[in-house]
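Encoded as structure tokens, the structure appears first; notes follow it.
In what follows, every heavy atom counts, from backbone to side chain, and hydrogens, waters and symmetry copies are set aside.
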Amino acid sequence: MSMTSMFIVTTTIAILLVTISFWLPQTVPDTEKLSPYECGFDPLGSARLPFSLRFFLVAILFLLFDLEIALLLPAPWAINSTCPTLTTMWTSTIIILLTLGLIYEWLAGGLEWAE
């Protein structure tokens, strides 16, 4: 297959996918989606409204668990090192700590939205 035909095929597929992505979604935008902030706050109102601490705690938990998962990204490459049992031990330790943290937060009610 020549370079020209590959370019034509990839360009055609890209144009087709972009065209489908514009036609496929049937969205009806409302005022909440059109506002610059999709967090549920009125952007034109007072900035001194009380902030939900529950929302903040769930956001921090999400960031914490998300960053912890990033520690596991090198595990597939590290398993090929000279000492794969050490890698498996550290990976298992991280997964066990994450699971225990999730269970603790669940039992403590940190993941509940409503009181």
Contacts under 3.5 angstrom, residues 66-88 side chains, donor-acceptor by atom type, not counting sequence neighbours:
from: S81; atom 1: OG; to: A78; atom 2: O; distance (Å): 2.8
from: T87; atom 1: OG1; to: A78; atom 2: O; distance (Å): 3.2
from: T88; atom 1: OG1; to: P84; atom 2: O; distance (Å): 2.8

Pair up each side-chain donor or acceptor in residues 6-15 with any protein partner under 3.5 Å, not counting sequence neighbours, and list the distances.
from: T10; atom 1: OG1; to: M6; atom 2: O; distance (Å): 3.0
from: T10; atom 1: OG1; to: F7; atom 2: O; distance (Å): 3.0
from: T11; atom 1: OG1; to: F7; atom 2: O; distance (Å): 2.7
from: T12; atom 1: OG1; to: I8; atom 2: O; distance (Å): 2.6

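Membership of the apolar cluster around L107 extends to I103, as traced through chained side-chain contacts below 4.5 Å between ILVMFWY residues. Grouped by direct or indirect side-chain proximity (heavy atoms under 4.5 Å, Ile/Leu/Val/Met/Phe/Trp/Tyr only), L97 sits alone. Side-chain contacts under 4.5 Å among hydrophobic residues (ILVMFWY), followed directly or transitively, place F22 together with V18.
Residue E105 holds its CD atom at 8.5 Å from CG of L64, rounded to the nearest 0.5 Å. For the atom pair CG of L24 and OG1 of T19, the computed distance is 12.0 Å after rounding to the nearest 0.5 Å. Of the inter-residue distances, the one linking I94 atom CD1 with T99 atom OG1 reads 11.5 Å to the nearest 0.5 angstrom.
Applying the side chain to side chain contact (heavy atoms under 4.5 Å, CB included) test to I60 and every residue at least two apart in sequence or in another chain returns F56.
Here the shortest heavy-atom pairing between F65 and L102 reads CZ-N, 3.6 Å.
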